[in-house]
Chemist: 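Dropping the structure in here first, questions after.
Keep in mind it's a predicted model, so treat the numbers as computed, not measured. Each chain gets a letter, A, B and so on, in the order the sequences are listed, and its residues count up from 1.
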There are 2 protein chains.
Amino acid sequence: MVERGGSGVPGGRRKQRVSMADVAQLAGVSSQTVSRVSNGHPGVISSTREQVLAAMRELGYRPNSAARALRYGQFNTIGVILFSLSSTGNSRTVEAIATHAAAEGYAITLIPIDVPTQDNVLGAFTRMGELAADAVIVIMEIHLLDAATVQLPPGVHVVVVDSDAGDRHSVVDTDQADGARKAVRHLLDLGHRTVWHVTGPETSFAGQRRTQAWRAVLEEAGCPVPPPLYGDWSAESGYAAGLALADEPDCTAVFASNDQMALGLLRAFHERGLSVPRDVSVVGFDDIPDAAFFVPPLTTVHQDFAEVGRRCVQGVLSQIRTQGDPRPGTDLVPTSLVVRNSTAAPR
Amino acid sequence: MVERGGSGVPGGRRKQRVSMADVAQLAGVSSQTVSRVSNGHPGVISSTREQVLAAMRELGYRPNSAARALRYGQFNTIGVILFSLSSTGNSRTVEAIATHAAAEGYAITLIPIDVPTQDNVLGAFTRMGELAADAVIVIMEIHLLDAATVQLPPGVHVVVVDSDAGDRHSVVDTDQADGARKAVRHLLDLGHRTVWHVTGPETSFAGQRRTQAWRAVLEEAGCPVPPPLYGDWSAESGYAAGLALADEPDCTAVFASNDQMALGLLRAFHERGLSVPRDVSVVGFDDIPDAAFFVPPLTTVHQDFAEVGRRCVQGVLSQIRTQGDPRPGTDLVPTSLVVRNSTAAPR
DNA sequence: GTCCAGCATGTTTACGTAAACATGCTGACC
DNA sequence: GGTCAGCATGTTTACGTAAACATGCTGGAC
């Protein structure tokens with residue numbers, strides 16, 4: 001925290017930064033005593049303590065975290081490398097990470113990657129390495145980390161969200177496959193002959209998992225597997241898919257890989273005069289807060305982003321505290337199906 | 001960045017941390033030479049440089065940012081204190097802040113405040129003071145900062161988003177009033193006799209500004225001012241307001257203080273058999289990506305969150321670089337009205 | 001051949017903090 | 001009354017880095 005010269009520092013106009021030594025001098029004690037007061041250590045008589053505190057107030061002293069970190073060898077900070085903060089779940093995951101980290105006395109340092117090239121990912125890691133972070137959480141829905149070419153630097157505590165690198169890293173993720181199975185089975189249980197599907201982008205690991213599960217359930221149930229429609233998470237792509245599906249006379253049920261695309265479907269069907277759920281049933285994924293207020297309210301798969309964030313923090317902290325190797329493996333957070341009014345039995 | 005013992009460090013199993021001295025020893029040079037190589041300084045002969053780089057690779061050296069920050073007196077980090085990351089604009093603002101900061105070589109440290117009490121805000125500031133940050137951006141839509149009781153510590157570079165503390169701090173914000181005026185005038189221009197309004201929460205500065213502007217435009221135009229309906233930004237509160245408004249025979253136009261509440265309105269009107277925009281026109285605020293795919297596509301006020309983030313970064317960086325006092329004042333980012341299909345002339 | 005400029009590299013020091021160790025005083029106990 | 005335990009406080013040192021200054025070598029000019 002760089003101080004502006006002047007304000008709050010009555011005497012020294014040019015003094016850029018107040019150190020323990022300054023406080024010590026004003027209080028007439030050694031800097032070690034200031035340190036003891038600053039850290040609440042015992043063994044400082046109360047009159048001395050008061051003097052030191054007064055000097056701190058007068059000078060506007062605030063401890064220098066760089067020096068502290070240097071001394072302690074840690075920063076009490078967790079780095080978060082992510083691709084997009086705006087995508088549905090990420091901001092909520094990050095918020096949960098920040099909240100839980102704060103509860104443990106850790107702050108969060110964000111490094112966004114605008115274009116997810118391998119260079120940028122590595123660059124972010126380098127930067128993070130140069131920054132103050134005791135561990136790193138990587139939120140990277142794309143497949144980069146799965147490619148053997150991109151490796152996270154060894155010797156760093158890492159937890160990865162939304163990846164299938166569970167063989168090499170410690171991974172936390174929503175149980176995408178289970179969520180998708182719930183969605184598709186729900187539609188089949190209602191009596192639909194089969195379920196159409198709007199995918200996420202091909203680069204998305206989560207999207208692929210959902211699509212795989214959709215296909216698996218259909219095959220398992222002996223249902224025909226319609227060709228999937230390719231979306232990119234946006235409502236617009238869902239809308240486009242919806243216009244196409246409206247022309248499919250056989251289509252009575254659609255599983256969209258997220259709620260935004262489901263929203264696009266709803267609008268497309270509405271424009272084409274198809275009633276949801278009377279003519280077509282729609283299930284989404286994510287359970288964004290707005291989903292309950294779509295027309296009609298959307299049946300969707302609820303993701304517990306807060307829990308994902310919590311487990312990430314838990315994961316890195318346990319690595320930090322035990323100084324242990326990251327335990328490769330995947331920690332899956334369960335989902336639940338929220339049934340609203342966008343699904344019904346076919347006519 | 002704390003290293004795990006062992007991996008990547010062939011020789012020293014117990015070596016926790018690789019320093020320049022270790023690299024220097026292995027390369028047979030002084031640590032200063034390592035420093036020069038590390039920072040790309042000239043004056044190192046290429047053969048020496050290669051040796052040093054090789055040693056760095058072998059040991060997995062990464063610079064220690066704490067030591068660096070201590071040496072340089074700055075962290076290349078901007079702290080962001082915010083209330084909620086999930087609320088519509090914040091995540092996009094933060095993302096823009098992070099992106100622009102990254103472009104300038106700065107990272108972002110997030111401190112979330114779960115419950116916005118004064119104690120917590122001050123606590124966050126204290127924590128931030130103890131953390132590595134050269135400046136702070138406060139994103140706090142609530143009124144806390146406006147109360148004279150909560151003061152930001154003097155001597156810290158600060159930019160505040162979403163506040164009316166422009167007399168005391170450097171403030172960046174969307175031009176809420178102008179956006180609201182555009183929305184209300186649009187409806188009046190279409191021929192509506194007056195415009196009803198669903199507010200944001202009372203604690204929100206932005207919400208208050210929008211509501212004030214709504215009222216001002218109506219009064220200016222000599223229109224009757226209907227009692228505002230109180231919302232809390234959620235679609236649910238918009239839905240409740242919509243059910244109430246559906247019973248108002250005079251209501252032909254509604255200005256909702258955000259898009260989520262507008263979504264709630266749309267659903268309520270739909271359920272009550274009112275057609276939008278034939279029976280009622282609706283305007284939102286924010287222009288969330290989904291708004292274009294509501295049924296019907298929502299006319300709304302577009303906020304340029306990215307620009308807000310950009311100006312925040314610009315603001316703190318100029319403070320850092322000039323070491324100048326923050327220049328109190330409010331930097332307003334303009335809005336634009338996006339006309340879609342939820343508004344029409346009254347019947 | 002001498003001298004010095006110029007350059008690669010080494011040495012010293014300081015950044016602010018806090019652990020570890022040192023000091024010196026008070027007071028209780030024999 | 002002397003000794004020493006206990007405690008408040010001071011001093012030394014190290015954390016890792018990089019600026020500032022020091023050193024010592026090479027080679028060109030006279």
Chemist: To the nearest 10 degrees, what angle separates the axes at the start and end of the helix from C:dG1-D:dC30 to C:dC30-D:dG1, five pairs each?
Modeler: 70°
Chemist: Just the rounded figure in Å: distance from P of C:dA18 to CD of A:Q74.
Modeler: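 These atoms are roughly 13 Å apart.
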Chemist: Determine the minimum heavy-atom distance between B:L110 and A:A107, stating which atoms define it.
Modeler: O-CB, 4.3 Å
Chemist: So, OP1 or OP2 of C:dT17: does either fall under 4.0 Å of a side-chain N or O from A:Y72?
Modeler: no
Chemist: Could you check how far CZ of A:F75 sits from P of D:dG16, rounded to whole Å?
Modeler: 11 Å
Chemist: Could you work out, with side chain to side chain contact (heavy atoms under 4.5 Å, CB included) as the rule, every residue matching A:R310, not counting sequence neighbours?
Modeler: A:H100, A:E307, A:Q314
Chemist: What does the list of N/O pairs under 3.5 Å between the protein and nucleotides 22-26 of chain C look like, with a distance for each?
Modeler:
none

Chemist: Choosing from D:dT17, D:dG16, C:dT17, which nucleotide comes nearest the side chain of A:S19?
Modeler: C:dT17
Chemist: List in chain and number order the residues that pass side chain to side chain contact (heavy atoms under 4.5 Å, CB included) with B:A306, two or more places apart in sequence or in another chain; answer none if no residue qualifies.
Modeler: B:A96, B:D304
Chemist: Please list, pair by pair, any protein nitrogen or oxygen found under 3.5 Å from a nitrogen or oxygen in nucleotides 8-10 of chain C.
Modeler:
{"residue": "C:dT9", "atom": "OP1", "partner": "B:T48", "partner atom": "OG1", "Å": "2.4"}
{"residue": "C:dT9", "atom": "OP2", "partner": "B:I45", "partner atom": "N", "Å": "2.9"}
{"residue": "C:dT9", "atom": "OP2", "partner": "B:T48", "partner atom": "OG1", "Å": "3.4"}
{"residue": "C:dG10", "atom": "OP2", "partner": "B:S30", "partner atom": "N", "Å": "2.9"}
{"residue": "C:dG10", "atom": "OP2", "partner": "B:S30", "partner atom": "OG", "Å": "3.1"}
{"residue": "C:dG10", "atom": "OP2", "partner": "B:T33", "partner atom": "OG1", "Å": "2.7"}
{"residue": "C:dG10", "atom": "N7", "partner": "B:R36", "partner atom": "NH2", "Å": "2.9"}

Chemist: Rounding to a whole Å, what distance do you find between B:Q25:CD and D:dT17:C1'?
Modeler: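 It is 17 Å, rounded to the nearest whole Å.
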Chemist: Rounded at 0.5 Å granularity, tell me how far CG in B:D331 sits from CZ in B:R311.
Modeler: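 Going from the CG atom of B:D331 to the CZ atom of B:R311 covers 4.5 Å.
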Chemist: Can you check the B:R71 CZ to C:dT17 C1' distance for me, whole Å?
Modeler: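 Those two atoms, CZ and C1', are 16 Å apart.
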Chemist: Using 0.5 Å steps for rounding, measure from the CD1 atom of B:I111 to the CD1 atom of B:I81.
Modeler: 6.0 Å
Chemist: Of the options D:dT17, C:dT17, C:dG16, whose atoms approach the side-chain atoms of B:R68 most closely?
Modeler: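 Taking heavy atoms from C-beta onward, the closest nucleotide is D:dT17.
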Chemist: Would you give me the side-chain donor-acceptor pairs under 3.5 Å for residues 41-49 of chain A, sequence neighbours excluded?
Modeler:
{"residue": "A:R49", "atom": "NH2", "partner": "A:H41", "partner atom": "O", "Å": "3.3"}

Chemist: Using only side-chain N and O atoms of A:N39, determine if any of them is under 4.0 Å from OP1 or OP2 of C:dT17.
Modeler: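 Checking C:dT17 against A:N39, no side-chain N or O comes under 4.0 Å of OP1 or OP2.
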Chemist: Quick one: side-chain hydrogen bond (donor to acceptor under 3.5 Å, both in side chains) partners of A:E104, sequence neighbours excluded?
Modeler: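 A:E104 satisfies side-chain hydrogen bond (donor to acceptor under 3.5 Å, both in side chains) with A:R321 only.
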Chemist: Tell me: CG of B:N76 to C1' of D:dT17, nearest whole Å?
Modeler: 15 Å
Chemist: Between P on C:dT12 and CE on B:M20, what's the gap in Å once rounded to a whole number?
Modeler: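 Those two atoms, CE and P, are 15 Å apart.
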Chemist: Check the distance between D:dA14's P and B:L70's CG and give it to me in whole angstrom.
Modeler: 17 Å
Chemist: Using 0.5 Å steps for rounding, measure from the OG1 atom of A:T109 to the CD1 atom of B:I78.
Modeler: 11.5 Å
Chemist: Please list, one pair per line, the donor and acceptor atoms closer than 3.5 Å that link side chains of residues 31-40 of chain A to other protein atoms, with sequence neighbours excluded.
Modeler:
{"residue": "A:T33", "atom": "OG1", "partner": "A:S30", "partner atom": "OG", "Å": "3.4"}
{"residue": "A:N39", "atom": "OD1", "partner": "A:R68", "partner atom": "NH2", "Å": "2.8"}
{"residue": "A:N39", "atom": "ND2", "partner": "A:Y72", "partner atom": "OH", "Å": "3.4"}

Chemist: Keeping the roles fixed (side chain from A:N76, backbone from A:Y106), state whether a donor-acceptor pair exists under 3.5 Å.
Modeler: no
Chemist: Going by side chain to side chain contact (heavy atoms under 4.5 Å, CB included), A:E95 matches just one of A:I97, A:T93, A:T99. Which one?
Modeler: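 Only one option passes, and that is A:T99.
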Chemist: What are the two closest non-hydrogen atoms of B:V313 and B:I137, and how far apart are they?
Modeler: N-CD1, 4.3 Å
Chemist: Can you measure A:N64 atom CG to D:dC15 atom P for me and round it to whole angstrom units?
Modeler: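 The answer, rounded to whole Å, is 18 Å.
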